[in-house]
Number of protein chains: 2
Amino acid sequence: MREGPDIARIASLVGDPARANMLSALMGGTALTASELALEAGVSLPTASSHLSKLMEGGLLTLASQGRHRYYGLAGPQVAGMIEAITGVAAAVGPQRVRPGPRDAAMRVARVCYDHLAGEQAVAMLDRLVARQVLLRDDEEIQLGPSADSHFAAIGIDVHTKARRPVCRACLDWSVRRSHLAGTLGAAILDKILAEKWARREKDSRAVIFSPIGKQAFEKTFLA
Amino acid sequence: MREGPDIARIASLVGDPARANMLSALMGGTALTASELALEAGVSLPTASSHLSKLMEGGLLTLASQGRHRYYGLAGPQVAGMIEAITGVAAAVGPQRVRPGPRDAAMRVARVCYDHLAGEQAVAMLDRLVARQVLLRDDEEIQLGPSADSHFAAIGIDVHTKARRPVCRACLDWSVRRSHLAGTLGAAILDKILAEKWARREKDSRAVIFSPIGKQAFEKTFLA
DNA sequence: AGGATGCTTCGATGAGGAACGAACTATGCG
DNA sequence: CGCATAGTTCGTTCCTCATCGAAGCATCCT
């Protein structure tokens, strides 16, 4: 028997779906707060906090406290490399994607991804914004176009924020295999969708359900 | 949220101690049978079989049937690379080696490693056999020396076997970080130790407990 | 054929741990 | 100071899954 490094301990940390989602989210490289990670993983805040403690104790995460915010990040490139390796095996082995169920269909259409919209609707929206040159996209880099300012101001969204986070970011949408819009702009758009009651979040799910009228309004505003 | 490859599924496969031990054992590159892996993992045969099914279903293993033997091996270099990556993180993070407990102390002294002896006693034995040139060692390669035949015959061990397995093999002992003797010779020596009742296996453990008299006999025979 | 060995399946048991709500602590804002 | 927001801790519930013994297949040996 092997008395080596405790590989089962590390692997089992990654082996929980909630923790795996958190780690995947952190693979983006930017540190996130507990509540952001809770959303990402689809669990409650207490549950997320418990998972984060375990990941910290396991040495997979680092913690940077800034005031009342606590930013969790991957502990280092070695950890990131491990996640990559596991993801690679999962992808190679995983063309057994069984994902039916009524709620999952809704999730593919539209869902919350951290603080912005994901799914087919979100991918279509980004496509359209780029096609109209409201946004300028160069691979994964997304910039505001010249008309962005007025375009979004007309909808009631101020693109000038002084937050740490970038205004625009591409976020890979795994259900569609294409990118959708993240960043503060993505978040603002989701806020508007919910504030206008064009759609509602389904309880205990990340699915976002558009009402018939809301869907029209959304398409008129963003897919025109 | 991420709808990507199911990394939690793969990681949780590795996250069970029994399965992790099996995978570590297979990192040697040679395929092993279910019963060998059961010993390696320290579980019963049914339990091992169940784990192997899961690893197969997860795509981490390949299976080669040869008659009534079924040899399990790692599915490929990508899987091996993943195990390496996890092991690396575990080793980097793991200088929290807390391993007290009465039974664990006994395990460090002597324990069963698959079918041969491991632990401090086993490492000392290999050292001594090499020093006396009964065995000739070149790094991880171990050959029988000229006097090996008569030396082991005197103890009642026939070193001439026609098994597939090599007679001598070096096996890295993680508790001591040095090698001990595996292979059919290592197995024969463990058999003799137990047959002569120099030591007994502790129930539900891989620990091997020498009796005071047995210890003397062992040391006279192999450490003289 | 009959027995031995290698391995899997079945069924029952038990323990670990994931989940959440409620309550508690800490930081920031007015 | 008091209220709101961000996080953690506690206690409970529940379910998955690891484990083993017994029994069932499959293969080899004689």
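Order of the sequence lines fixes the chain letters, A, B, ..., with proteins taken first and strands second; residue numbering starts at 1 for each chain.
Under the rule for a side chain to side chain donor-acceptor pair (under 3.5 Å), Thr221(A) has no partner lying at least two apart in sequence or in another chain. The ring pair (Phe, Tyr, Trp, His ring centres under 6.0 Å) search around Phe218(A) returns Phe210(A), Phe222(A), not counting sequence neighbours.
Between dC7(C) and Tyr71(B), no contact under 4.0 Å exists linking OP1 or OP2 to a side-chain N or O. Put simply, Ser35(A) has a side-chain N or O that comes within less than 4.0 Å of OP1 or OP2 on dG7(D).
A rotation axis mapping the C1' atoms of four pairs onto the next four is fitted at both ends of the helix from dA1(C)-dT30(D) to dG30(C)-dC1(D) over five pairs, and the angle between these axes is 30° to 10 degrees.
Nearest heavy-atom pair across Ala20(B) and Ile7(A) is CB-CG1, 3.9 Å. Listed here is the closest heavy atom pair of Arg200(A) and Leu194(A): CA-CD2, 4.3 Å. Considering every non-hydrogen atom in both Met82(A) and Ala85(B), the closest pair reads CA-CB, 4.0 Å. What you find for Leu126(A) and Leu181(A) is that their closest heavy atoms are CD2-N, 4.0 Å. Closest approach of Leu74(A) and Thr62(A) over heavy atoms only: O-OG1, 3.7 Å. A pairwise comparison of heavy atoms in Ala38(B) and Ser44(B) identifies CB-O, 4.1 Å as the closest pair.
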For nucleotides 11-13 of chain C, tabulate all protein N/O to nucleotide N/O atom pairs closer than 3.5 Å, reporting atom names and distance.
none

Under 3.5 Å, which N/O atoms of the protein pair with N/O atoms of nucleotides 13-18 of chain D?
unit_1, atom_1, unit_2, atom_2, d
dA18(D), OP1, Arg19(B), NH2, 3.1
dA18(D), OP2, Lys54(B), NZ, 2.6
dA18(D), O5', Asp16(B), OD1, 3.4

Report all interatomic pairs (protein N or O, nucleotide N or O of nucleotides 22-30 of chain D) with separations under 3.5 Å.
unit_1, atom_1, unit_2, atom_2, d
dT27(D), O3', Arg68(B), N, 3.3

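Among the nucleotides dT8(D), dT8(C), dC20(C), the one closest to any side-chain atom of Arg70(B) is dT8(C).
With Ser49(B) contributing its side chain and Leu45(B) its backbone, the two residues share no donor-acceptor pair below 3.5 Å. Of the possible donor and acceptor atoms, one in the side chain of Arg19(B) sits under 3.5 Å from a partner among the backbone N and O of Leu13(B). A donor-acceptor contact shorter than 3.5 Å is absent between the side chain of Ser50(A) and the backbone of Pro46(A). A side-chain donor-acceptor contact under 3.5 Å links Lys192(B) to the backbone of Ile155(B).
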Go through the steps for Leu26(B) and Ile83(B) under the test side-chain contact (heavy atoms from CB on, under 4.5 Å), then give the verdict.
-> CA-CA 10 Å; Leu26(B) 291 172; Ile83(B) 307 286; over 6 Å; no
Could you give me the CA-CA distance, side-chain angles and deciding distance for Gln121(A) and Val208(A), then say whether side-chain contact (heavy atoms from CB on, under 4.5 Å) is met?
-> CA-CA 10 Å; Gln121(A) 291 276 38; Val208(A) 171; over 6 Å; no
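A straight line from CG of Leu55(B) to C1' of dT8(C) spans 15 Å, rounded to a whole angstrom. The CG atom of Leu61(A) sits 12 Å away from the P atom of dT8(D) (whole-angstrom rounding). As a whole-Å value, the separation of Glu36(A) CD from dA6(D) P is 10 Å. Remark: C1' of dG7(D) and CE of Met22(A) are 12 Å apart, rounded to the nearest angstrom. In this structure, Glu57(A) atom CD and dT8(D) atom C1' are separated by 15 Å, rounded to whole Å. Going from atom CG of Leu63(A) over to atom P of dA6(D) covers 16 Å, rounded to whole Å. If you take CG of Leu52(B) and P of dG6(C), they are 16 Å apart, rounded to a whole angstrom.
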